[in-house]
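Everything below concerns the one structure shown next.
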Amino acid sequence: MAGRRMSELPKAYEPQAVEAKWYSAWLDGKCFEADPVSAKDGYSIVIPPPNVTGILHLGHVLNNALQDILARRARQEGKEVLWLPGTDHAGIATQAKVERELRESEGKTRRDLGREEFLKRVWDWKDHHGGIIIQQLKRLGCSCDWSRERFTMDPAYSKWVSQVFVDLFREGLIYRGKRIVNWCPVSLTALSDEEVIMTPQRSKLYYMKYEVAGLPGEYLRISTTRPETLMGDTAVAVNPKDPRFAKYIGRHVVRPFPHAEIPVIADDHVDMEFGTGALKITPAHDKADFEIGARHNLPIIDVLTPDGHINCPECPDLHGMERFAARKVAAKKLEDMGALEKTEEYDNNVGFSERAHVPIEPRISMQWFLKYPCVKEAADAVANGEIQFRPERWAKTYAHWMENLQDWCISRQLWWGHQIPVWYRKDKLGELTQAESLDTSHQTHGDLYVGVEPPADPENWVRDEDVMDTWFSSWLWPFATMSDVGDSSATLKKFYPTADLVTGPDIIFFWVARMIMAGYRFAGELPFRNVYFTSIIRDLQGRKMSKSLGNSPDPIDLMEKYGADGLRFGLLRIAPVGSDLRFDETSVEEGRNFANKLYNACRFRQMGGEISNLKFEISNGAALPPYHLDIMAKLDKLAADLKESYAEYRFGEIAQLLYEFLWSEFCDKFLEAVKLDLRESATAEAREAALGVFDTVMARYLQLMSPYMPHITEELSARMGYVAEGDFLMTRPLPAAPLLAGLPAEAVAAAQQQAADIYETAGRLRNLKAEYKVATRKDVKFIVKGASGWLANETKVLALLVGASEIVLDDAYDAPKGTPASVTPVGEIYLPLEGLIDVAAERLRLTKEIEKIRAEVARAESKLSNPSFVDRAPAAVVEQERARLDDWRAKLTQLDEMLAALA
RNA sequence: GCGCGCUUAGCUCAGUGGUAGAGCACAUCCUUCACACGGAUGGGGUCGCAGGUUCGAACCCUGCAGCGCGCACCA
C-alpha cells in the first residue's frame, strides 16, 4: 500500500459510468483471455449458448452471473480460466422470426425466395440483429473470453456436426425410417419428444355406436376424443379378455363415414375400464394406434394435411377444414346420423408444440433417427458421482430418463440449420425417398453418399433437404467449441473436460444428458465434472416469467436503475439452493443499496486522509484496541466461511455472508467504534491504527466481494489506492494467509470477547434510553457498578456508541430509588435521570424482567436436574447449559437487589 | 398412476438434534459532521396436521393434508 494515491469519490455512487469504464478496461487489459499454454492449472466453463435471436431475461442473468462468479473466483484462486461464450443458431426460433419479418415486410414466404436466397436473408439478419444478447451479457459484466466466441453454425463447428452424423451413421446408430413423429402443424416440421409439452385440457369424450356388420340392430359402442380422424380408422380394437366383446372379434363394424366395413380386432393395449372398452384405431394419427396397426397389418389412411387440415375428398363437407373445426362438424355429422350417443366433459393431457404453442399432430413421416451412443457410460458417470449434479436430486430424474431412452428424431423440415450430410443417387431418388428405411447397406450399394464433404460428382446426386435438430449441434458444444475436427489442440488439452456447467434443470434431457453421451463418444471423456442447476425464476404469484404475462422485468432496465452489480448481488442473495426463486424488484433495490453502503464506507475512510507514514503493523496487533482485532478476526472468518461455501456451491449463502460482514459488523460496529480515533483530538497512533485496520480489512473484503460485484470493487480498490494504477483487482490472487495468522489465538479471543461485550452493552443502554424516552439525548450519563477491570479503557467508545456524555465507573454508587438500570456483560449500569424517576413504574419494569429471567432459570434448572440429560447429552452441551444458568442466576440476583433498593 | 420437492414472522426465504433467524414490510423516534439507497428501538412465529424415536425434534421416522414440478399415460 506504499505510495498509494487516493482520488476523491463523488457524492453519490453512480454505477452506470463506473461499470462501463471498468468493463472496457478489463477488455483492454485482456483480463478475460485464456492462455492455453500457461503454467497455471486450467479451469473452464462453456456458456450454455443463448439463442442468437435471444434477448436477455432474468434467467440468463442468474445463470450467467453464477458462471461469472465461478470464473472470477477461479482466477483469484490462481487458475487459468477459460469461460467460453457463444450463441446457438436455434433452428425453429430463428427461422420463424425471419419468416415472420419476410411476411410482414414483403408479403412473401420462404418458398417464394427459395432455399438459397432465404438462407442468405437469415445470415443477413443474424449479422445485423443477432447477438444482441452478447452485448447484454457484457453489460452484466461477464468475463467471457470474447476472442473465442463461437456460433453453432461456424464453419468449423458445422464440420463437427456433419462428422458426428457421418460417424454415427457408419456405426449404424443413425437410420432413416417412416415413423409416427410429433408433427407441428404450424412450424411444419417434426419435433423430438422433448419438444412436446403435455398440457392439461378440458376436452370432450364422444360416445359413438357402430353397427356390427351381419348383425343388424347390434351395435359396438366406442368412445373417442377425436371424431375428426374417424375417416382414417381402419379397425376397432377390444381387449381379448373382455367378455363383452368376444363375440365380435373377427367380425366387422360399419364406419359411418366414409362408409366402410372395418375389422374388430383384439389387442392387449386396450384398457377394458376406460370409456366403453372399445377403441377406434387410426394408425396414421396416433402413436399407440400405429403400433396396434403394425401388429395387425392394418392399412394406414392419412386424413390430415401437414398444416392440420382434413384431407378426405370422400367427405366433401369436411375436406379442407381445419382440424378443430372439423371435430365439431364430425360430431354433428355423427349426431345427425344417429351414431352419437352422448358427449361427456373430459380432462386429458394434450401435447403442445414447445415453439408454436399449438397441439402437435402425431403424423407418419420419413425422418432420421438416432439410437443414443454411450448410454451406459453416461448413466454411470452420474450414478457413481464422477459427474456431480447439484442439487443432487436431479440425478434421479436423469437416471430415470436414461433408462427409458427412445430413439431421437433428429431431422427437421426446416432450412435454417445443419443440412443432413446425405446425398441420394439421382436415378434412384424416387425409390430411396419411399423406402421404409435406409441405413448403411444402401451406402454400401452406392445408392447413398454420406460424408462431410459433398460427393465428387455432385451432378449425379441430390442432397437430403432436411436439417438437423438444433440440439444435435448443441450436444457437441463443450468440445466442438474448443477444437476443429480431429485437432487435439492445446486448448482442448488444457480446458477439456470443463469444470462446471451452470444451466437450468428444464434442459437436463435436451442438453445435459446428450452432452454427456456425446462427450464420451466423441471426446472420449466426460464433458464436465459438476453440473449446477439454477433456480427457475418466478414472479411473486409463483408464475413463470413470460413475455405474454408481462411479468418479466427487462434486466437492462434493472441495470440502468440499480447497476449491474446491484442486480447481480440482489438476485444472488435471494437465490435458494434447490428450489424456485420468487423474484421481486426490491431485492435488486437492496443490491443497489448495499453497493451504496460499501461506497459510503470508503468515502468515510477518505475523510481520514492518507496515512503519511504507515507505522501500522499487524504483528504488533496485540496492542491494538479490541475492535480492531475483532474486525480482522471476523474478516479472517469470513474468508474461511466463503471458501467452504464456494466448495458447496452455496451462492446465496456467500452473498449473505458478504452482506452481513460489511453491514452489521464492519459498518454498524467497527466503523462506529473507531470514530473517536479519527477525530482531531485523537493521537496520531490511534488514527493510524484505525485507518490502517480499515484499509487492511477493506482491501481484502473488496477482493472477496469482487466476483459478485466486480465493477464497484474494482473502482473502490483503485480509488482507495489498494490496487496500483494499471493493475486490476480481478486478476489478483487471494492472499494465502489470514490477517491474524501471526497472533496468539488467546489474545485475539480475549479481544473479541471484549468487543462483543461492548457492543452488547451498547445495545442494552440504547434500549434503556429508548425505554425512558431519552433516545435522542446526548447529555445523559451512565454509571457502572462492578465493572470489569478493562472497561476503564473503553468508556469513551461506549459513550460514543450509546450517545452519552459520559460513562462513569463507580463501584460505590448508591442509586436513588427508581433509577433505571440494566444488567450488562460489563456490570450493572444505571441511568440517573433527574425528574424522570418513577419508582412505581420502575418497580413494575424490574418485576417483569425478573419474571422473565425466573422462567429461564427454572427452565435451565429443570433441564440440569434431569439425570437423563446430564448423563446422555454431550458434555459440551451440558456445560453450555450450566454456564447459561449461572448467567441467568447472576442477573436475577442483581435485579432482585435493584428491586429491593427501590423498596 | 409412479417419482421428486415444498409447507418456519404479513411477504421472500435461511436454519440437517441442544434457549426460533435474516431482509423487506410495519410502529415509534432521529435530517448527530460516510450513507434517508441512512441510523436507533420495538411489535410480530403453538416452525402444515397427527403419531413415533429421543433426556431433548423446525430438524430423524411413519401417516395425512395442501401446493408445485417431472415422467407415464385410457382412446
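Sequence lines set the chain letters: A, B, ... in the order given, protein chains first and strands last, and positions in each chain run from 1. For the numbers below, each heavy atom of this structure counts, side chains included, while hydrogens, waters and symmetry mates do not.
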Below 4.0 angstrom from OP1 or OP2 of C37(B), is there any side-chain N or O of Asn600(A)?
-> no
Could you tell me the separation between the CD1 atom of Ile712(A) and the P atom of C35(B), rounded to a whole number of Å?
-> 16 Å
Please work out if Leu279(A) contacts a base, only the sugar-phosphate, or nothing of the nucleic acid, heavy-atom cut-off 4.0 Å.
-> base
Per atom distances to the Thr776(A) side chain, the nearest of C74(B), G3(B), C29(B) is C29(B)
To the side chain of Glu672(A), which of A34(B), G18(B), G39(B) is closest?
-> A34(B)
Checking all strands, does Leu671(A) fall into the base, sugar-phosphate, or nothing category for heavy-atom contacts under 4.0 angstrom?
-> base
Arg582(A) side chain N/O closer than 4.0 Å to the phosphate oxygens (OP1, OP2) of U12(B)?
-> yes
Using the P atoms only, state how far C11(B) lies from U53(B), rounded to an integer number of Å.
-> 34 Å
Basic-acidic side-chain contact under 4.0 Å: Glu861(A), Arg882(A) = no
At under 4.0 Å between heavy atoms, what does Pro867(A) touch on the DNA or RNA strands: base, sugar-phosphate, or nothing?
-> nothing
Inter-nucleotide P distance (C60(B), A27(B)), Å rounded | 38 Å
What is the nucleic acid contact for Lys675(A), judged by heavy atoms within less than 4.0 Å: base, sugar-phosphate only, or nothing?
-> base
Of the nucleotides G18(B), C35(B), G38(B), which has the atom closest to the Lys863(A) side chain?
-> G18(B)
Here the distance between atom P of C37(B) and atom CG of Asn593(A), to the nearest Å, is 8 Å
Arg884(A) side-chain N/O to U19(B) phosphate OP1/OP2 under 4.0 Å = yes
Trp888(A) has a side chain; which of C74(B), U19(B), U41(B) sits nearest to it?
-> U19(B)
Checking all strands, does Asn866(A) fall into the base, sugar-phosphate, or nothing category for heavy-atom contacts under 4.0 angstrom?
-> sugar-phosphate
The nucleotide from C4(B), C35(B), C74(B) with an atom nearest the side chain of Arg393(A) is C4(B)
Side-chain N,O (Lys597(A)) to OP1/OP2 (G39(B)) below 4.0 Å = yes
What nucleic acid atoms does Thr224(A) come within less than 4.0 Å of, heavy atoms only: base, sugar-phosphate, or nothing?
-> sugar-phosphate
Among G42(B), A40(B), A75(B), the one nearest any side-chain atom of Asn767(A) is G42(B)
Quickly work out the Asp584(A) CG to U12(B) P distance and round it to whole Å.
-> 10 Å
Round to a whole Å and report the spacing from CZ of Phe666(A) to P of C35(B).
-> 16 Å
Would you say G39(B) has OP1 or OP2 under 4.0 Å from some side-chain N or O of Trp663(A)?
-> yes
Lys280(A) side chain near A75(B) phosphate (N/O to OP1/OP2, under 4.0 Å) = no
Look at the side chain of Asn596(A) and decide which nucleotide, out of C29(B), A75(B), C37(B), has an atom nearest to it.
-> C37(B)
With sugar-phosphate meaning primed atoms plus P, OP1 and OP2, does Asp871(A) contact a base, only sugar-phosphate, or nothing at under 4.0 Å between heavy atoms?
-> nothing
Base, sugar-phosphate, or nothing: which does Glu856(A) touch, judged by heavy atoms less than 4.0 Å apart?
-> base
Please determine, by modelled atom types, if Asn767(A) and Arg764(A) share a side-chain donor-acceptor pair under 3.5 angstrom.
-> no
Phosphate oxygens OP1/OP2 of C74(B): is one of them under 4.0 Å from a side-chain N or O of Arg226(A)?
-> no
Write down the distance between OH (Tyr562(A)) and C1' (C24(B)), rounded to a whole number of angstrom.
-> 13 Å
The nucleotide from A75(B), G18(B), A34(B) with an atom nearest the side chain of Val877(A) is G18(B)
Determine the Euclidean distance between corresponding P atoms of C33(B) and U28(B); express it in Å to zero decimal places.
-> 24 Å
Determine the contact category for Asp580(A): base if any of its heavy atoms lies under 4.0 Å from a base atom, sugar-phosphate if only primed atoms, P, OP1 or OP2 are that close, otherwise nothing.
-> sugar-phosphate
With both distances kept under 3.5 Å, what pairs with C4(B), Watson-Crick or G-U wobble?
-> G68(B)
Between G18(B), A75(B), U41(B), spot the one nearest the side chain of Ser223(A), thanks.
-> A75(B)
Arg650(A) near the nucleic acid: base, sugar-phosphate alone, or nothing, with a heavy-atom cut-off under 4.0 Å?
-> sugar-phosphate
Contact class for Ala775(A) vs. all strands (heavy atom < 4.0 Å): base, sugar-phosphate, or nothing?
-> nothing
Measure from the side chain of Arg766(A), starting at C-beta and using heavy atoms only, and say which of A40(B), U19(B), C4(B) lies closest.
-> A40(B)
Tell me whether the OP1 or OP2 atom of G70(B) has a side-chain N or O from His400(A) closer than 4.0 Å.
-> no
Using the P atom as the reference point in each nucleotide, state the distance between C59(B) and A9(B) in Å, no decimals.
-> 15 Å
Would you indicate what Lys769(A) reaches in the nucleic acid, counting non-hydrogen atoms under 4.0 angstrom: base, sugar-phosphate, or nothing?
-> nothing
Could Arg592(A) and Glu585(A) be called an ion pair, given the rule that one side-chain N must be under 4.0 Å from one carboxylate O?
-> no
Do NZ/NE/NH1/NH2 and the carboxylate oxygens of Glu849(A) and Arg845(A) come within less than 4.0 Å?
-> yes
Spacing between Glu590(A) atom CD and C11(B) atom C1', to the nearest angstrom | 12 Å
Determine the contact category for Glu403(A): base if any of its heavy atoms lies under 4.0 Å from a base atom, sugar-phosphate if only primed atoms, P, OP1 or OP2 are that close, otherwise nothing.
-> nothing
Report the base-pairing partner of G56(B) (Watson-Crick or G-U wobble, both distances below 3.5 angstrom), or none.
-> none
